[in-house]
Structure formats: C-alpha cells, structure tokens
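First the structure, then my questions, so here it is.
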Amino acid sequence: MLSPAATAVAAVRATAGSPAAVRGMHARILKEGLAHHPPNPAALVSAYAKSRLLPDALHLFDETPRRDIYIYSSLLTAVSHSASPELALPILRCMLSADALHPDHFVISSVASVFARLRSRRLGRQLHAHFVASPYNGDDVVKSSLVDMYCKCGSPDDGRKVFDSMSAKNSVVWTALVSGYASNGRSEEALQLFRSMPGRNLFAWTALISGLVNTGESVGAVELFVEMRRDGVRIDDAFVLSIVIGASADLAAFVLGRQLHGSAMRLGFLSNMIVGNALIDMYSKCSDILSAREVFEGITFRDVISWTTMVVGEAQHGRAEEALALYDRMVLAGAKPNEVTFVGLIYACSHAGLVQKGRQLFESMKNEYGITPRLQHYTCYLDLLSRSGHLLEAEELMTTMPYEPDEATWGALLSACTKYKDAEMCIRISDKLLELRPKDSSTYILLSNVYAVNGKWDSVAKVRKCMIGLEIRKEPGYSWIEAGREFRLFHAGEVPLDVREEIMVFLEEMVLEMRKRGYVPDTSSVMHDLEESEKEHHLFLHSERLAVAFGLIKSPPGSVIRVVKNLRVCVDCHTVMKLISEITHRKIVVRDSSRFHHFEGGKCSCSEFWEDLSSGREDILWVVDDRTASNMQRNKWTMRGPMIREGQTTAAHMTGKGRTQLREASTHWAACGGWAVVSGRADEICSLTKGKR
DNA sequence: TTAGGGTTAG
C-alpha cells in the first residue's frame, strides 16, 4: 500500500505534459494539505516544467518553505532545458549559501548541462574539479554530462579524456562525443568514433549528420543519410529528416529536396511542423517559391518560424507584396512576429522601394512589439533609405544608431552613393572607412570596388597594398547547377574541357544575338585597370554564365534553369541573363549570396533593386602550370588584382608579356581537372603547387 | 524524489 504522499507523487507524474492537469493536481494537493510535504514540491516543479510552465515552477519554488536537494534538482533540470539557462546561477548560489546544501550527482549533471548551454568552459572546469573531489566522482551519468559540456564548449579533447575514464559507456555518451567532434569541425574523428560505436542508433546517426551540416559539410551529411537509409535504420522521429532537408536547402539541391519531401510523406512526418518549416525553407532556397508556398498553405499548425520562413522567402524572391500580405495574415492569426520576421519585412520593403511602409514597420517593431532593433535591422532600414535616394537621412541614421557600422552597413550606403552618382559622398565615406583600417577583408574589397568605379586607381592600388600587407584574400567566385543526379561547379574563367566547345559556341552565339538587340557590355564591375577588350573577356567567362550555358545545353526544353552563385551577380551578367531568357524563351533563376533573380522574357523579378558592391564581384582565377610559373619568374611578370585564399589559389591577371600563353595554360590545366597554387607577394612569384580537384 | 545525447527562420 502506497502512502498518501507517494500516491500524490504518482498522480502528479501522470499529469506531466498537460498544463491543465498539473494545475488541477496542484490544487488538489493544496486542498489535501500535502503541498509542502516532500517529495510533492519537487514532483510538482518537474511536472510544471514538463508542461512548459517554468514561471509556475519558479513560483512554487519561491513558496516552498523547506527546500531540499530534490526540489533544487528538479528546478535546475527544468531551467537547464528552458530558454533561460542562466537562471540556474542564482538558484545555485541560493542552494550553496542560503540553504547550505551540497550538490549531489543529480545536481552536478544538471548544472553541467546549464554550463554547456551557456558555453562556459570556465564554469564547466570549476564544476568538473568539484565533481572530482566529491563522493560522486565515479558516477557515469555525471561523466556523460561533462563530456557533452566540454564538447559544447568547444573542447572535444577534454570531453574525450572524461569519456576514456568511464568504465561502462552507453549510447548516450557515445552520441555526445560523436556529436562533439562533428560539431567542432572534426569530422574525421567523428566518423572514426562513429564507425567503432557499438549499437549505433537513430540518435547517433542524427547527432553525426547534424554536426556535419552545422560545420558546413552538407554533402558528407547527405551521403551519411543515404548510408543510414541503406542500413535500414528506422526513422521514428522527425529530427534527422528536418536536418537533411536543411542540408539540401544549403546546397540548393532541388532534386534531393523533392525526394526528401516524398520520404517525409511516406514516413508520415508531413504533418510535423518542423519538417514543414524545413520544407518551406528548402523550396525557397532551391528557387521554387511557389512550391514553398504550397507547403506553407498545407501546414495545419504554424508557429512564428513557419510564418517568418515564408515571409523571408517571399522577400528574397523579390515578392514584397506577398511578404507584406503574409504579415497581415500572420498578425490576424495571432502569431507574434519576432526580430527575424522584421528583418524579412524591412528587407522586402528595401528591395521594392517601399520607404513609407518600411519606416512604419521599423517603428512598429520598436513601439508595438518592444523589439530592440539590432545592427541587422538598422542595416536593412538604412539600405531602404539609401536605395530610395534618401542619402542624407541614411548617413544621419548611421551616425546616430547605437552600433558601430559593419561591412554590410557601409556597403549599403556606398552602393547607394554609387547608384545616385554622388561621387563626393562616396569618396568622403570611403576615405573615412580606409582611415579606420577595417579588419574585415570584404571591407577592403568594397573600398577597392568603390574607388575603381570612380576611377581612382591610385586609391585602388593603396587598398590592394593594404590587403597584401595584411594577407587579406578574396573569396573566389563560383556557381553551380544540378544536372540530373550530379552537381556541376564552375569557376570564373575556367571552362571544363568536356563541355568547353559547346559552352563557348553557345555563349558566342548568344553574344551575337544580344548585340543585335542593342547589348553593350557593361564593364564597370571589372575592378581592374584593364583594357576594354580584356574586361569584356573577364565578363564573358563569369561563372554564372558558364553554369547557365551548361544548363541550357544539357536540360530538357522548357525546364527551369536554376543556378546558385556564392557571390553577387554583376551588372553585366544581370543584363545578359535577362537577354538570354528572352532569346531562348526559358526561365532562369539565379540564387546569389543575397537573394533570388527570376529571369523571364527579358525581365528580372528584382526590378533592378538589387545592386550592391559590398560582397565583391567575381574575378577570373588564373591557374597556371609549372612551365608558365617558371616563365613568370624568368620574365619578372608582375601580378595585380585580388589574391585568393592563402595556400589555395592565387588569382590575378597578369601584366607584361605572355598573357595569352598564360590564359591558354591555365584553361588547359583547369580543363584537366587540376588546380595550381601560386604563392607569393603581388610583385614576385615564390612557389607553385598543383593538385587534383 | 531529482540527472546525460539529436530538429526549423536572418
């Protein structure tokens, strides 16, 4: 026979997860006079927390006169899972001083998860020291929470030491360490550990795949997912699906994304809200905004992320009216917008020139919703003002806002000065920015571009010199396209040998046809002091053109061409895409580093509200072979232009003799599937290595 | 009577 208190605890436990049931049970226990009778307070705190009623749990804790280790343990666990893990610190202080209780193994493991959430290695180490000196120092559950804590704080090696000290290791601690290596970018070790793990379950697969996606190894993550399916691992929950759908969004892998949509349907997870949200984002990032919308409309329960994902998607696709109409629906539906929603909304206004609406939203975010604007909001708003020609107002906002402007903020203002041909303001801001000696490499690219547009080649040289001195490198431009089951990656200036003939013939035909329609190359985005014909050649081989040409040659007639590019599209490519869509009667969608461009019948969805100098434009990558490199040294050719990531590829155009040979050699070498690295300063070539792509 | 691992938006 159970005691009345134990009966009450069992009843309380049974209510967990249902707010009404917990409250009812609390009332009943109060009536029976058992409210302060241990272990009821601890059980109620747990039940409240499991019903997502942390304030009620905290209130109950405050009301409880005699607090034992159980109620502390329950509350600390609740807080460690909540949105505010930092609340654990005062509770812990109270436990140690006011109630003079010693933390037991339950408390230590909960506190370890709090420090993991807070990413505080310093506090975590203190806790670890305390644990070692405590009577519980052999407890494996505490050890597994310490492994996780070290991994989340960026020290998987420390986690490994604790892991190795364990006598018996269960799947929880294996998973924690696999996840730790993977999410700290140590994929080799993660895989090795995973392969040696006994009894790999869905949790471990999910942890590994998630870690890889979070460190940018989406391709590897997808491969593992395929292996997992082949191994026949049962998918009992939606975690892994939403992660892999997210990976296909990152990769803009449309075919894969659609297959995953099918898998989600077959496995019965289509009604899962998180899977639905991931699908909306995937379709949007794969350039198919209409399918994104279809998934959105089919979702039964929508949270703020569902609404925001859709708003942001519409905004990035240049569909400002749809984004704003969604916002109205969202408010009517009673969903509360957050700071991300407003980023999307102001962005939408900015790219449609809706100054009044944007101003109103910026104010309502602060006044109606009490959201303090972040730098990102100021940048979006400033972008809106400056794009629409309110340059002085934008400059004033920049000086009065409570943040230091970053590269994106300067970029927004400088692009607008360029657009409105306010050279004086442009140079004034640039000179000021150069004086500040920015740390971010992209700021130097921005400055260089601005000076180049204004023909100030001496300042361009000065910026380039700064960059070389600081070993700042520019990211190389590339584009990719999905062709059947494979991806095809194109670098600027490099035409793969197997399709070279077809692509070159196609592009030359296009140029002839475009010229008939009045096309004149706009070389303003080639940021080097080159001859005009040389600049045109740079443009001709920009990576998105190669990718689009490849797509048009290889895809079935009438299908949509979807290309992804890592940098921004340049002015001339933008014009060319419009013309190609008109000439070939095909839809072309280009996702660049900031937004989507839908080209159809000679027009683009962005309505020309897109220009931005900040991300840097594409440059031709010069890759050279051994013979050319020694020629370069012998003839003392000098290199100019931006340099690419250290130790990988040095891109530049050449001056002096032999440019043509160099171009031939580089194209040849690239076509063989290799890459070459030239390392050295701008004025001297030091060494060369080469490798396979 | 209280503890440890994996999801979606900028």
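Chain letters run A, B, ... following the sequence lines, proteins first and then strands; every chain starts at 1.
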Residue Asn201(A), side-chain heavy atoms: nucleotide from dA3(B), dG4(B), dG5(B) that is nearest: dG5(B)

Rounded to whole Å, how long is the line connecting atom CG of Leu193(A) with atom P of dG5(B)? 17 Å

Would you tell me if any nitrogen or oxygen in the side chain of Lys169(A) comes within less than 4.0 Å of OP1 or OP2 on dG5(B)? no

Could you give the CG-to-C1' distance, from Asp148(A) to dG5(B), as a whole number of Å? 6 Å

Would you please classify the geometry between the Tyr136(A) ring and the His105(A) ring as parallel, tilted or perpendicular, with 30° and 60° separating the classes? parallel

For Ser73(A), report the nucleic acid contact type (base, sugar-phosphate, nothing); a contact means any heavy atom under 4.0 Å. base

For a quick check of understanding: with a heavy-atom distance under 4.0 Å over all strands, which category does Val172(A) fall into, base, sugar-phosphate or nothing? base

Out of dT7(B), dG4(B), dT8(B), minimum distance to the side chain of Ala278(A) belongs to dT8(B)

Rounded to the nearest 0.5 angstrom, the CG-CD1 distance for Asp104(A) and Ile69(A) is 4.5 Å

How long is the line joining OH of Tyr283(A) and C1' of dA9(B), in whole Å? 18 Å

Between dG10(B), dT7(B), dG6(B), which one does the side chain of Ser179(A) approach most closely? dG6(B)

Identify the residue among Arg293(A), Glu294(A), His261(A) that makes a side chain to side chain donor-acceptor pair (under 3.5 Å) with Tyr283(A). His261(A)

Considering just the side-chain nitrogens and oxygens of His377(A), establish if one lies under 4.0 Å of OP1 or OP2 belonging to dG10(B). no

Parallel, tilted or perpendicular, as decided by the 30° and 60° cut-offs, for the rings of Phe131(A) and His128(A): tilted

Given the side-chain rings of Tyr347(A) and His351(A), with only the six-membered ring counted for Trp, is the space between their centroids under 6.0 Å? yes

Figure out the CD1/P separation between Ile289(A) and dA9(B), and round it to whole Å. 15 Å

Any base atoms under 4.0 Å from Arg374(A), or only sugar-phosphate, or nothing? Heavy atoms, all strands. base

Rounded interatomic separation in angstrom, taking CE from Met365(A) and P from dG10(B): 17 Å

Using the side-chain heavy atoms of Ala176(A), tell me which of these nucleotides is nearest: dG5(B), dG10(B), dA3(B). dG5(B)

Of the candidate nucleotides dG10(B), dG4(B), dG6(B), which contains the atom at the shortest distance from the side chain of Ser144(A)? dG4(B)

Categorize Ser171(A) for me: base, sugar-phosphate, or nothing, with a 4.0 angstrom heavy-atom threshold over every strand shown. base

Check each of Asp164(A), Leu193(A), Asp148(A), Val162(A) against Leu177(A) using the side chain to side chain contact (heavy atoms under 4.5 Å, CB included) test, and report the only one that passes. Leu193(A)

Minimum-distance nucleotide (side-chain atoms of Ala238(A) versus dA3(B), dG10(B), dT7(B)): dT7(B)

Can a side chain N or O of Ser210(A) be found less than 4.0 Å away from OP1 or OP2 on dT7(B)? yes

Closest to the side chain of Ile274(A), out of dA3(B), dG10(B), dT7(B), is dT7(B)

Identify whether any heavy atom of Asp236(A) sits under 4.0 Å from a base atom; if not, whether one sits that close to sugar-phosphate; answer base, sugar-phosphate or nothing. nothing

Counting side-chain heavy atoms from C-beta on, which of dG5(B), dT2(B), dG10(B) comes nearest to Glu339(A)? dG10(B)

What is the nucleic acid contact for Asp139(A), judged by heavy atoms within less than 4.0 Å: base, sugar-phosphate only, or nothing? base

Which nucleotide in dG10(B), dT2(B), dG6(B) has an atom nearest any side-chain atom of Gln376(A): dG10(B)

Side-chain N or O of Lys152(A) versus OP1/OP2 of dG6(B): is the shortest distance under 4.0 Å? yes

So, Phe203(A) and dG5(B): ring centres less than 5.5 Å apart, planes less than 30° off, yes or no? yes

Take atom CG of Leu75(A) and atom P of dA3(B), then tell me their distance rounded to the nearest Å. 12 Å

Nearest-neighbour nucleotide for the Ser145(A) side chain, dT8(B), dG6(B), dG4(B) considered: dG4(B)

